[in-house]
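Written out below as structure tokens is the structure these notes cover.
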Amino acid sequence: MPLEVAVAGRVMTRRVMGKLAFFTLSDETGPIQLFLEKLALGEAFTQLTSLVDAGDLIGVKGTLRRTDRGELSVRVSEWQMLSKALQPLPDKWHGLADVEKRYRQRYLDLIVTPQSRETFRRRALAVRTIRRWLEDRQFLEIETPVLQSEAGGADARPFTTHHNTLDLPLFLRIATELHLKRLVVGGFERVFELGRIFRNEGVSTRHNPEFTSVEVYQAYADYYDMLELTEQLIAAVTLEVCGSTALTYQEVAIDLTPPWRRATMHELVQEATGLDFNAFPDRETAAAAMAAAGLEVPATATSVGRLLNEAFEQRVEAQLIQPTFVLDYPLEISPLARAHRSKPGLVERFELFIAGRETANAFSELIDPIDQRQRLEAQQERRLAGDLEAQGVDEDFLMALEVGMPPTGGLGIGIDRLVMLLTDSASIRDVIAFPLLRPEGRSG
RNA sequence: GGGUCGCUAGCUCAGCGGUAGAGCAUUCGGCUUUUAACCGAUUGGUCCUGAGUUCGAAUCUCAGGCGACCCA
């Protein structure tokens with residue numbers, strides 16, 4: 001007995017030859033061929049071949065069979081129009097080649113570009129894996145405000161908005177950090193938030209003004225604990241999404257099998273430039289040495305530490321293709337990180353670089369309210385001096401620290417960049433379903 | 001922000017100073033094992049927008065719009 005089936009989906013292609021026709025019907029699970037015979041269908045055959053266009057959504061009933069060429073097909077006995085497409089599908093062979101159209105009309109892209117569908121499935125799998133991995137380790141997911149009176153926790157310009165009834169200016173969050181730390185003060189010892197962050201900055205292949213991060217805080221832990229956590233978490237996600245901890249990104253082999261390289265910023269800069277920043281007593285000495293080595297010395301880099309970071313960005317970052325933990329950052333560029341236990345002028349912080357891109361950022365959190373106040377006040381001064389990305393003083397956050405915060409390790413991972421890596425996507429827009437684009441220009 | 005490139009039919013593209021084109025899609029006809037079906041015919045245009053040069057501009061120049069890539 002032939003198997004009776006009912007299927008629904010979108011007609012992708014039509015091949016009509018007189019009294020016989022083949023349609024390709026696709027649903028989310030993939031395509032199947034419809035086998036249509038005039039002899040069996042009668043009037044319905046004429047309707048199907050004359051009324052149904054590529055792009056229409058139809059439902060059919062029939063029996064499963066293989067054609068002479070071996071293609072699994074539904075031999076249709078009944079059909080129903082489910083939704084008529086008024087717009088034609090993009091070219092069935094070339095698909096949507098225009099990347100702008102792919103972003104503006106993502107629905108078309110998803111219909112005709114299997115790889116695009118696969119990217120968003122993998123993104124969902126990556127997010128699901130991260131969430132489960134953390135929950136399995138007793139981390140509690142808590143949502144914190146997007147609308148805030150003071151946007152802190154990162155060096156970035158916020159979006160501004162306004163609450164009408166309260167007549168209150170508000171900012172969209174640029175990080176989840178300061179609220180998650182309040183939760184740690186409140187006694188939640190393992191918390192995380194996986195959510196949207198908004199930064200009022202430029203758009204590029206690596207930046208979208210709204211993007212997704214996961215921030216993780218663990219009480220009674222330090223940045224070494226977060227380093228282990230980061231390594232294990234990302235390796236687990238990679239294994240789940242890619243089936244292996246080794247992958248190819250933009251034709252470069254990247255091996256995420258732990259353990260990953262760990263090196264201090266000083267070591268990496270010295271390796272790349274020959275400059276030992278530990279040997280520079282003041283900014284002028286460091287600046288002269290940098291200039292002699294052919295590096296740019298921006299006037300905004302006002303300390304040895306900032307110059308070190310400049311040298312790192314100019315000569316090291318892009319070279320860090322294999323996963324590398326960069327340890328021990330200058331204190332002045334890390335206002336929320338705890339001073340290093342043994343290295344003056346540095347903090348207990350690492351950033352993870354993969355494929356030349358910052359993928360994670362973590363520290364032993366600064367929990368000393370007095371030190372924190374001084375650091376934020378220094379930030380405030382920079383802001384008043386015109387640095388629009390400098391942070392302000394969040395009094396409520398400082399009040400929370402004054403209540404007493406346990407020593408805590410904190411971590412942030414950029415989900416979009418991680419997903420780019422896992423899906424071999426060249427642009428962040430390829431992993432965001434609806435990336436920000438300018439509205440299409442109208443004449444005049 | 002700077003540089004390079006792109007924008008022509010619903011889609012993919014050619015045309016680069018002299019009548020606006022092809023393939024696919026649409027519409028019509030033919031065809032009972034196709035799968036980029038095939039064959040014949042048909043339809044479809046603010047050549048991104050505006051100004052300029054020219055007898056004549058999709059084509060050259062300038063300005064603008066949107067996008068891609070590279071750089072900062």
Side-chain angles (χ1 to χ4, degrees), chain A residues 9-26 30-42 44-46 48-56 62-76 84-114 116 157 200-208 250-251 295-301 309-311 313-315 317-318 356-357 388-389 420 425-430 432 434-444:
Chain A
R10 191 182 297 274
V11 175
M12 300 304 290
T13 61
R14 293 161 18 100
R15 293 174 294 282
V16 180
M17 45 207 67
K19 300 185 177 64
L20 182 68
F22 301 90
F23 289 3
T24 305
L25 191 73
S26 280
I32 191 166
Q33 181 166 267
L34 303 184
F35 180 82
L36 314 171
E37 283 177 300
K38 185 163 192 176
L39 207 59
L41 282 161
F45 180 85
T46 310
L48 275 159
T49 53
S50 63
L51 298 181
V52 177
D53 295 316
D56 292 353
T63 53
L64 269 189
R65 62 163 293 177
R66 285 195 184 273
T67 61
D68 294 355
R69 301 286 174 90
E71 179 87 18
L72 185 65
S73 305
V74 178
R75 187 184 189 193
V76 176
K84 179 71 186 166
L86 300 183
Q87 299 281 353
L89 288 180
D91 192 282
K92 66 183 172 189
W93 184 243
H94 300 95
L96 262 192
D98 181 344
V99 290
E100 181 180 353
K101 231 156 238 152
R102 293 184 50 211
Y103 300 145
R104 288 194 193 278
Q105 295 185 273
R106 182 68 86 181
Y107 40 89
L108 286 180
D109 179 42
L110 292 170
I111 290 169
V112 301
T113 316
S116 188
R157 297 178 64 178
N200 206 336
E201 56 194 20
V203 172
S204 78
T205 48
R206 293 174 295 279
H207 299 86
N208 194 64
Q250 306 291 293
E251 299 179 350
L295 284 89
E296 284 180 47
V297 181
T300 50
N309 188 53
E310 272 297 327
E313 289 182 356
Q314 287 179 39
R315 290 293 170 83
E317 263 190 25
R357 285 200 286 258
L388 295 167
E389 294 190 349
M420 284 172 68
S425 299
S427 169
I428 196 170
R429 296 188 196 91
D430 294 327
I432 293 174
F434 302 99
L436 183 73
L437 298 172
R438 286 176 207 267
E440 273 181 297
R442 298 279 172 237
S443 58

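Every chain is numbered from 1, with letters handed out A, B, ... down the list of sequences. On a predicted model such as this, the values are computed, not experimentally measured, just so you know.
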Query - Watson-Crick or G-U wobble mate for B:C69, both contacts under 3.5 Å - result: B:G3

Report task. Taking atom P in both B:A22 and B:A9, compute the distance separating them and give it to the nearest angstrom. Result -> 14 Å

Requested in this report: Give the rounded distance in Å between these two atoms: CZ of A:F23 and P of B:U33.
Outcome: 16 Å

Query raised in the report: Of the nucleotides B:U12, B:A37, B:U33, which has the atom closest to the A:L96 side chain?
Result: B:U12

Query raised in the report: Using a cut-off of 4.0 Å on non-hydrogen atoms, how would the nucleic acid contact of A:K101 be classed: base, sugar-phosphate, or nothing?
Result: sugar-phosphate

**Report entry** Nearest-0.5 Å distance, CE of residue A:M17 to CG of residue A:L36
**Finding:** 10.5 Å

Report task. State which residues pass ring pair (Phe, Tyr, Trp, His ring centres under 6.0 Å) with A:Y103; sequence neighbours excluded, sorted by chain then number. Result -> none

Query raised in the report: Across the strands shown, which category fits A:T24 at heavy-atom distances under 4.0 angstrom: base, sugar-phosphate, nothing?
Result: nothing

**Report entry** Those residues that, when tested against A:K84, pass side-chain hydrogen bond (donor to acceptor under 3.5 Å, both in side chains) (two or more places apart)
**Finding:** A:D53, A:D56

Report summary line: A:R315 meets the side-chain hydrogen bond (donor to acceptor under 3.5 Å, both in side chains) criterion, sequence neighbours left out, with none

Requested in this report: Using atom CZ of A:R102 as one end and atom P of B:U12 as the other, report the distance to the nearest whole Å.
Outcome: 11 Å

Report task. Please measure how far the P atom in B:G10 lies from the corresponding atom in B:U26, and state the result in whole Å. Result -> 15 Å

Query raised in the report: Phosphate oxygens OP1/OP2 of B:C11: is one of them under 4.0 Å from a side-chain N or O of A:K92?
Result: no

**Report entry** Donor-acceptor contact below 3.5 Å, side chain A:R104 vs main chain A:L437
**Finding:** no

Query raised in the report: If you pin A:L89 and A:T13 to their nearest nucleotides in RNA chain B, which one's is more 5'?
Result: A:L89

Query raised in the report: Starting at CD of A:Q87 and ending at C1' of B:A9, how long is that distance when rounded to a whole Å?
Result: 14 Å

Requested in this report: Rounded off to whole Å, could you give me the CE-to-C1' distance for the A:M17 and B:U33 pair?
Outcome: 8 Å

Requested in this report: Could you measure between the two P atoms, the one in B:U12 and the one in B:G18, and give it in whole Å?
Outcome: 27 Å

Requested in this report: Report which part of the nucleic acid A:G55 touches: base, sugar-phosphate, or nothing (heavy-atom distance under 4.0 Å, all strands).
Outcome: nothing

Query raised in the report: Between B:G23, B:U35, B:U32, which nucleotide gets closest to the side-chain atoms of A:D91?
Result: B:G23

Query raised in the report: Within this structure, what is the CD-to-C1' distance between A:Q105 and B:C11, rounded to whole angstrom?
Result: 11 Å

**Report entry** Whole-Å C1' distance, B:A20 and B:A14
**Finding:** 12 Å

**Report entry** Per-nucleotide protein contact string for nucleotides 67-72 of chain B (B base, S sugar-phosphate only, - none; heavy atom under 4.0 Å)
**Finding:** SSS---

Query - Selected nucleotide, minimal atom distance to A:R14 side chain, candidates B:C11, B:U12, B:U26 - result: B:U26

Query raised in the report: Which part of the nucleic acid, if any, lies within reach of A:V16 when heavy atoms closer than 4.0 Å are counted: base, sugar-phosphate only, or nothing?
Result: base

Report summary line: To the nearest angstrom, the CG-P distance between A:L36 and B:C31 comes to 17 Å

Report summary line: Residues passing the side-chain hydrogen bond (donor to acceptor under 3.5 Å, both in side chains) test with A:Q105, sequence neighbours excluded, are A:Y107

Query raised in the report: For B:U27, what is the paired nucleotide under Watson-Crick or G-U wobble rules, both distances under 3.5 Å?
Result: B:A41

Report task. State which residues pass side-chain contact (heavy atoms from CB on, under 4.5 Å) with A:T205; sequence neighbours excluded, sorted by chain then number. Result -> A:S427

Query raised in the report: Quantified in whole Å, what is the P atom distance between nucleotide B:G44 and nucleotide B:G52?
Result: 31 Å

Query raised in the report: Going through the distances and angles, do A:R65 and A:T63 end up as a side chain to side chain donor-acceptor pair (under 3.5 Å)?
Result: CA-CA 6 Å; A:R65 62 163 293 177; A:T63 53; over 6 Å; no

Report task. Would you kindly give the CE-to-P distance between A:M12 and B:C24, to the nearest whole Å? Result -> 18 Å

Query raised in the report: Expressed in angstrom and rounded to an integer, what is the separation of A:L41 atom CG from B:U32 atom C1'?
Result: 13 Å

**Report entry** B:G64 and B:G56, which share atom name C1', separated by this distance in whole Å
**Finding:** 25 Å

Query raised in the report: What is the base-pairing partner of B:U53, counting Watson-Crick and G-U wobble geometry with both distances under 3.5 Å?
Result: none

Query raised in the report: Between A:S204 and A:R429, what is the shortest heavy-atom contact and its length?
Result: O-NH2, 3.9 Å

Query - Whole-angstrom distance between B:C24 and B:C39, as gauged at atom P - result: 8 Å

Requested in this report: Can you tell me, in whole Å, how much space there is between the C1' of B:U59 and that of B:C7?
Outcome: 14 Å

